[in-house]
Engineer: 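Attaching a single structure in structure tokens format; questions to follow.
Keep in mind that the numbers below use all heavy atoms, side chains included, and drop hydrogens, waters and symmetry copies. Just so you know, these numbers come straight off a predicted model, no measurement behind them. Throughout, protein chains are lettered first and strands after them, A, B, ... in sequence-line order, and every chain is numbered starting at 1.
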Number of protein chains: 2
Amino acid sequence: MSARGSVPEATVARLPLYLRSLLALAGEGNTTVSSEQLAGAAGVNASKVRKDLSYLGSYGTRGVGYDVEYLIFEMSRELGLARERSVIIAGAGNLGQALANYNGFTDRGFPVAGIIDADEAKVGKMVSGVRVYAVADLPQLADGHPGCIGVVATPASVAQEVVDRFVEAGISSVLNFAPSVVSAPKGVTVRQVDLALELQVLSFYAGRNEAGRKIPRRVIGN
Amino acid sequence: MSARGSVPEATVARLPLYLRSLLALAGEGNTTVSSEQLAGAAGVNASKVRKDLSYLGSYGTRGVGYDVEYLIFEMSRELGLARERSVIIAGAGNLGQALANYNGFTDRGFPVAGIIDADEAKVGKMVSGVRVYAVADLPQLADGHPGCIGVVATPASVAQEVVDRFVEAGISSVLNFAPSVVSAPKGVTVRQVDLALELQVLSFYAGRNEAGRKIPRRVIGN
DNA sequence: GGTTGTGAACAAATTCACAGCG
DNA sequence: CGCTGTGAATTTGTTCACAACC
């Protein structure tokens with residue numbers, strides 16, 4: 001398939017996984033990788049890797065595999081990682097501070113441009129090297145970092161309001177950590193991460209496993 | 001459908017969303033809710049709500065809707081939230097401390113039982129009200145909190161090792177924040193949360209949106 | 001020989017549409 | 001009449017299996 005037909009969502013969600021694996025493989029000195037190897041590293045199966053890569057129109061070499069450096073290049077380009085994207089965090093509370101302090105963002109190419117907070121007492125302070133700005137400063141901050149990503153780390157009660165402000169400031173990518181459903185106009189992408197939700201899902205399966213274990217106490221031949 | 005056939009994964013992932021919405025609705029004094037309303041609150045569509053609820057075998061009343069309290073009860077039961085589950089965090093670094101400090105876990109019924117860390121200098125210290133334990137203390141800590149959930153907040157390089165230790169200690173639910181694919185024996189559920197991955201996915205769509213915007217500069221009638 | 005790229009088969013998830021019931 | 005519950009239709013995602021190619 002030749003590059004520009006829309007890439008399935010499920011595939012998009014796996015691209016960063018492949019990229020991460022490829023970077024690791026490159027670090028180990030591999031110059032070439034088969035779909036089988038890449039699948040192993042990314043924790044998926046080989047046909048999936050081949051299908052996914054085929055959506056990017058990337059070319060491997062039959063009988064050989066994919067060129068690691070070339071794939072990294074292609075994939076970074078697809079993911080828009082050539083261009084740096086800053087992150088603006090809304091909410092200087094627990095989670096906001098944690099995220100500002102979290103190296104994972106900066107390390108992987110998403111520097112934190114600032115934190116905005118409604119609490120005047122916090123404005124002007126530094127939180128692990130990141131300045132806290134007033135809500136009124138958001139438009140200016142966003143302008144200074146074109147293509148930046150807004151991160152919602154406020155209580156759920158104000159999440160929608162924050163998203164609206166982000167959108168007004170011209171931000172079109174939002175990562176929402178608040179446990180609340182938010183809406184945004186078309187053209188704005190919102191992704192939701194709810195930490196407690198993940199725990200609840202685990203709890204569901206834990207219940208099933210434990211319940212399941214009750215009956216087959218001593219199964220013959222297992 | 002009558003309760004015990006396996007609930008589809010996609011449905012399981014939405015149950016906490018419904019529960020959250022139901023709690024909000026109950027808080028507003030609603031005693032009854034239609035699939036349409038619940039769908040609105042949870043940000044999905046009504047048929048999905050009905051299908052999902054039907055997997056739980058929950059009964060609504062035709063012409064009326066669902067009883068809010070009853071649904072909350074049923075859903076909490078399904079999610080195993082009657083029983084409290086503690087969380088044990090591995091890694092007292094940036095992210096680990098942030099998570100320990102994050103009220104979102106405790107507030108929603110997942111108290112943090114402790115942090116384990118390989119660094120002897122940190123052992124015995126308190127991190128926002130949570131004690132740091134040595135790795136050797138893990139089995140005991142896990143025993144003291146049956147059905148607990150292990151959270152990996154270490155560097156990727158040791159994530160697999162940590163998961164192995166969790167499993168040895170009898171933990172069968174793991175939430176992995178390290179950007180690395182980990183494997184675990186059958187019967188152990190692992191969920192992956194990669195914060196930078198979310199940003200990369202946003203970056204992908206941002207690129208598409210921006211590229212798309214290049215051409216229709218001034219669209220008539222929009 | 002080995003590995004990709006991809007149609008075709010299969011499976012999962014979503015949406016439609018309406019019968020059934022309060 | 002209004003709303004649920006669910007089969008059927010559709011869409012999306014995964015896996016298979018193999019021809020094409022290096």
Engineer: Want to settle it: does A:Gly63 or B:Val33 sit nearer the 5' end of DNA chain D, counting the closest nucleotide to each?
Structural biologist: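 In this pair, the answer is B:Val33.
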Engineer: Taking the minimum atom-to-atom distance to the side chain of B:Thr61, which one of D:dG13, C:dG22, D:dA20 wins?
Structural biologist: C:dG22
Engineer: How close or far is atom P of D:dT12 from atom CZ of A:Arg14, stated in whole angstroms?
Structural biologist: 15 Å
Engineer: Is the distance from OP1 or OP2 of C:dG5 to the nearest side-chain N or O of A:Tyr66 less than 4.0 Å?
Structural biologist: yes
Engineer: Just checking, any donor-acceptor pair under 3.5 angstrom between side chains of A:Gln97 and A:Asn101?
Structural biologist: no
Engineer: Grab the CZ-C1' distance between A:Arg50 and D:dC16 for me, whole Å please.
Structural biologist: 10 Å
Engineer: With a cut-off of less than 4.0 Å, is there a side-chain N or O of B:Lys48 near OP1 or OP2 of C:dT15?
Structural biologist: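 So the side-chain polar atoms of B:Lys48 do come within 4.0 Å of the phosphate oxygens OP1 or OP2 of C:dT15, strictly under.
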Engineer: Does the side chain of B:Asn209 come under 3.5 Å of the side chain of A:Ser172 through a donor N or O and an acceptor N or O?
Structural biologist: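 Side chains of B:Asn209 and A:Ser172: no pair found under 3.5 Å.
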Engineer: Is any side-chain nitrogen or oxygen of A:Asn45 closer than 4.0 Å to OP1 or OP2 of D:dT14?
Structural biologist: no
Engineer: Tell me whether the OP1 or OP2 atom of D:dC21 has a side-chain N or O from A:Tyr59 closer than 4.0 Å.
Structural biologist: no
Engineer: Would you kindly give the CG-to-P distance between A:Asp67 and C:dT3, to the nearest whole Å?
Structural biologist: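 Whole-Å distance recorded here is 16 Å.
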Engineer: Nearest-Å distance, CG (B:Asp52) to P (D:dT6)?
Structural biologist: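 Roughly 13 Å, once rounded to whole Å.
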Engineer: Rounded to the nearest Å, what distance is computed from the CD atom of residue A:Glu36 to the C1' atom of nucleotide D:dC16?
Structural biologist: 14 Å
Engineer: Would you state whether a donor and an acceptor, one from the side chain of B:Lys51 and one from the base of C:dT14, lie under 3.5 Å apart?
Structural biologist: no
Engineer: In whole Å, I'd like the distance from the CG atom of A:Leu71 to the P atom of C:dT3.
Structural biologist: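 Taking atom P of C:dT3 as the reference, CG of A:Leu71 is at 16 Å.
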Engineer: Starting the side chain at C-beta, find the nucleotide from D:dT4, C:dT4, D:dG13 nearest to A:Ser34.
Structural biologist: C:dT4
Engineer: Is the base of D:dT4 touched by the side chain of B:Arg62 through a donor-acceptor pair closer than 3.5 angstrom?
Structural biologist: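 Answer yes: a donor N or O sits under 3.5 Å from an acceptor.
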Engineer: With a 6.0 Å cut-off (strictly less than), is the heavy-atom count around CZ of B:Arg165, excluding the residue itself, greater than 12?
Structural biologist: no
Engineer: Can you tell me which nucleotide in C:dG5, D:dT4, C:dT15 comes closest to the side chain of A:Ser54?
Structural biologist: C:dG5
Engineer: When you measure from the side-chain N and O atoms of A:Ser35 to the phosphate of C:dT4, is any distance below 4.0 Å, counting only OP1 and OP2?
Structural biologist: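 Yes, such a contact exists.
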Engineer: If you take all heavy atoms of A:Ser203 and B:Arg85, which pair is closest and at what distance?
Structural biologist: OG-NE, 3.3 Å
Engineer: Figure out the CG/C1' separation between A:Leu56 and C:dT4, and round it to whole Å.
Structural biologist: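 It works out to 15 Å between those atoms.
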Engineer: Determine the minimum heavy-atom distance between B:Val87 and B:Ile89, stating which atoms define it.
Structural biologist: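 Heavy-atom minimum between the residues: CG1-CG1, 3.9 Å.
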Engineer: Provide, to the nearest angstrom, the distance between the OH atom belonging to A:Tyr55 and the P atom belonging to C:dG7.
Structural biologist: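 Taking OH of A:Tyr55 and P of C:dG7, I get 10 Å after rounding.
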